[in-house]
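As structure tokens, the structure follows; a few thoughts come after it.
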Amino acid sequence: ILKCKRNLHSVLILFTRTATHAIFIQIIVSMVDAYFYGNKWTFPILNILLYNTAGGGDELYGIEPTSYYIKNILLNWNYIGVFGIISLP
């Protein structure tokens, strides 16, 4: 049980450090974007996500059937794509 608690503690520390670094990087990126876009708060990644999910941006590129994505993975990733599909739970 002691080893399990150590592993959980290590995972929590890793998660905390990762989240801290991600927040720090996002603050820097937001400051640069605000400078160049001229707005006080600009989040281009969020704008892209909202446009593609709620704004109808998915129709810009079309919607493909599942077989298209499977063929694309097999053509572009060869055996790595096959191993990735096999490794799914």
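Bear in mind that the values here come from a model prediction, so they are computed numbers and not experimental data.
- Linking Ile, Leu, Val, Met, Phe, Trp and Tyr whenever their side-chain heavy atoms come within less than 4.5 Å leaves V11 and L14 in two separate clusters.
- Separating the CZ atom in F83 from the CG atom in L88 is a distance of 13.5 Å, to the nearest 0.5 Å.
- Both I86 and I70 sit in one connected hydrophobic cluster of ILVMFWY residues. Membership requires side-chain heavy atoms under 4.5 Å apart, directly or through other members.
- Cluster annotation: F36 is not connected to I28 through the hydrophobic network of ILVMFWY side chains, with a link wherever side-chain heavy atoms come within less than 4.5 Å.
- For L12 against T16, the heavy-atom pair with the smallest separation is O-OG1, 2.7 Å.
- We find the CG-NZ distance between N76 and K71 to be 13.5 Å, quoted to the nearest 0.5 Å.
- Using a distance-only test at 3.5 Å, with no hydrogens or angles considered, no donor-acceptor pair links the side chain of N72 to the main chain of Y68.
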